[in-house]
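Single-structure report; data block below.
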Number of protein chains: 2
Amino acid sequence: MKQKITIKTIAKELGVSSSTVSKALKDSHEISKETKERIQAYADHYNYKPNHLALQLRNQKTKVIGVILPKIVHHFFSTVISGIEDGANKKGYNIMVCFSNESYKKEVETLKVLSNGSVDGIIMSIARETLHNKDYDHFKGIVSEEIPFVLFDRVVDEILCDKVVVDDVGAGYKATKHLLENGRKKIALITTPNHVNVGALRRQGYEKALIEQYININTGLIVEIDETKSIKPQIEKVFENDIDGVFAVNEIYAANAMRIAKELGKSVPNDISIIGFTDGLISEYSSPSITTIAQHGFTMGQQAVDLLIQRIENDAIDFRPKKIVISSDLKLRESTKSM
Amino acid sequence: MKQKITIKTIAKELGVSSSTVSKALKDSHEISKETKERIQAYADHYNYKPNHLALQLRNQKTKVIGVILPKIVHHFFSTVISGIEDGANKKGYNIMVCFSNESYKKEVETLKVLSNGSVDGIIMSIARETLHNKDYDHFKGIVSEEIPFVLFDRVVDEILCDKVVVDDVGAGYKATKHLLENGRKKIALITTPNHVNVGALRRQGYEKALIEQYININTGLIVEIDETKSIKPQIEKVFENDIDGVFAVNEIYAANAMRIAKELGKSVPNDISIIGFTDGLISEYSSPSITTIAQHGFTMGQQAVDLLIQRIENDAIDFRPKKIVISSDLKLRESTKSM
DNA sequence: TATGAACACGAAACCGTTTTCGTAAGGTTT
DNA sequence: AAACCTTACGAAAACGGTTTCGTGTTCATA
């Protein structure tokens, strides 16, 4: 890389002090018009750009927000990033993105790297493995050093920090209720293992909707997908019951369910209704298109970053952690057209 | 945020100089065993972490790679990011991700921000609007300042830098040839306007395959999608011709084509074969599943970042820009099952 | 003519770390 | 006893910028 021009070189070349150059470039009233013009012309000509590192060191802030995600090739998370970037940008921040790849070890490492001062604050969603281990010690340092920190979507109560979540219980309830209103009686739930808390919450909503209608919870209709194994056979199993509705907690599960239904010669939505979660492209473009719960990832990202920047910029803010709950909407499509 | 402990505070507390502390923490032989132990114990106890900004300023490197993408809620680009992050991480780098949102203006701004020294090098893919304007002046600064810079996928010859691309012509050829081998004669091409160079290249491959079979290029079968308008009607128009094959340059177009075919009562793949580009989730989960050209985005990201880090770390590297061409594969699925 | 602004600029400290170059104290050779 | 070598540490400069606090002119006012 070429040697960059600095304030010092400008000062030397023009025979003034670096303070003068600094002030001139900021158009300070302390500097005479002629000197300012000379310096600014020189800086322009040699394309002077202030060195960000020096500024960061002096100001003790980086204007960078760290983001740690379980994965990126994933519609919901990429939507959230998009929202974070949008919100950050509006306030003059950039984002540094890292991935835990759902691994506990990588999450710990990444968190350590980001908390060494390269970012002003961190937004993250917890890795699946970490949720499974229930090992949250690596967050203690973050909290005790009072690094601005916001968790979203996959959060846990044990960590005292700001949080942004969707109303998972309410969403699960809405989805299930919609199926019930469609006249469905035997509704399967395809969910994650219970340690993934969003899965557990959506399940609560599912159960609440059933109980309200005096329908017993049949655990035979509930599949907790083990992602280390092939997904499809696990879902196929629940189809052995004579189900007429499926509520899947993400769109991959929903798409798999639909495929299986078709293979079994069942018509969607005539014989069976299917509803997914996360409004991604699969749901939109499959045929029939799939009714889903729209999670508003973009909004979630924006809210998370707004919360974080408040913490960063207002030291005097209320100490108590805030929790923002984003409501989710039912997006009606073909897979649950009422008969 | 809590005040962090620095070398200076340690020095003051222990009544030694900061040079001694710095050396002691690095286990230098210059420092006596007792002093080292005292200092290290103190540092451990107060959880001392070196300030990254100070190190970056001193070393004149950030160990951060800037990435500028047109968008992120997009299967291919998110896959590439994933590859970049993976490759960067292995070499001890982090990535700072920005988006141009396909906008020329935002691209210019972002490029300016990233080239002020906050990153050691930049990887990017050009925004649609920029390609349309053909205005590449903002890259001149990057090139003349010799900032390590790699373009991928959406690249242009005018910019002298390292590049990583897929063999778009070859891929278009492969796709079209596959349709021809399936016995298709009237093959529609659904592509981007010509200024998006990858679209243009894939079209070349399409035309080459047809010409080889002595089939005239019928421009009536070629649709250049205007993304500012609704996509579906534009594709519907080409179905007015009695086509029996579709080659779409991305999976959204392919999915749209399939939906239209179904609505017209045509069976895929019996009456019409469809092939897409970018092996994303839509292709995999639609029914019938869609044959696509797999672009190997992950590999592409890795190669791009490897190239970049070579530039960053080897000043003495060959000056001439390198170009890596990644071969793409046909991923056979149901939408082109031979009859 | 003395007083005091107003103006235009420079010196120096500071952010946190590393690294080069002293140097004082003590020990070992001749 | 002179010459030299270790050992163990500190002072200072450097990275690039900002900011506070002088300070020497010049010019207007009392």
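Worth knowing before you read on, the calculation uses all heavy atoms, side chains too, and leaves out hydrogens, waters and symmetry mates. The chains referred to below are lettered A, B, ... by the order of the sequence lines, with proteins before strands, and numbering in each begins at 1. These numbers were taken from a predicted model, which means no experiment stands behind them.
- Comparing C:dC15, C:dT17, C:dT18 by their nearest atom to the side chain of B:Ser22 picks out C:dT18.
- If you check every strand for non-hydrogen atoms under 4.0 Å, A:Leu57 touches a base.
- For the pair B:Ser18 and A:Gln3, nearest-nucleotide mapping onto DNA chain D gives the more 5' position to B:Ser18.
- When the P atom of D:dC15 is taken as reference, atom CD of A:Gln56 falls 18 Å away, rounded to whole Å.
- When the nucleotides C:dC9, C:dG16, D:dT18 are ranked by their closest atom to the side chain of B:Asn51, C:dG16 comes out on top.
- If you check D:dC9, C:dT17, C:dG10 against the side chain of A:Thr20, the one that comes closest is C:dG10.
- Among the protein residues, A:Ile7 comes within range of the sugar-phosphate backbone only, with heavy atoms under 4.0 Å from sugar or phosphate atoms but none that close to a base.
- The phosphate of D:dA14 (OP1 or OP2) has no side-chain N or O of B:Gln60 nearer than 4.0 angstrom.
- Of the two residues contacting DNA chain D, namely B:Asn59 and A:Glu30, the nearest-nucleotide position lying further toward the 5' end is that of B:Asn59.
- Among D:dG17, D:dC15, D:dT18, the nucleotide with an atom closest to any side-chain atom of B:Arg58 is D:dC15.
- Among the atoms of the strands shown, only primed sugar atoms or phosphate atoms (P, OP1, OP2) are found under 4.0 Å from some heavy atom of A:Lys49.
- No hydrogens or angles were tested; on distance alone, a donor-acceptor pair under 3.5 Å links the side chain of A:Ser19 to the base of C:dA11.
- Within the structure, every side-chain polar atom (N or O) of B:Lys23 is placed at least 4.0 Å from both OP1 and OP2 of C:dT18.
- Phosphate proximity of C:dA8 to A:Ser32: absent, as no side-chain N or O sits under 4.0 Å from OP1 or OP2.
- Ring centroids of A:His132 and A:Tyr104 are separated by 6.0 Å or more, keeping the two rings apart.
- Of the candidates C:dG10, D:dC15, C:dT18, D:dC15 carries the atom nearest the A:Lys8 side chain, counting heavy atoms from C-beta on.
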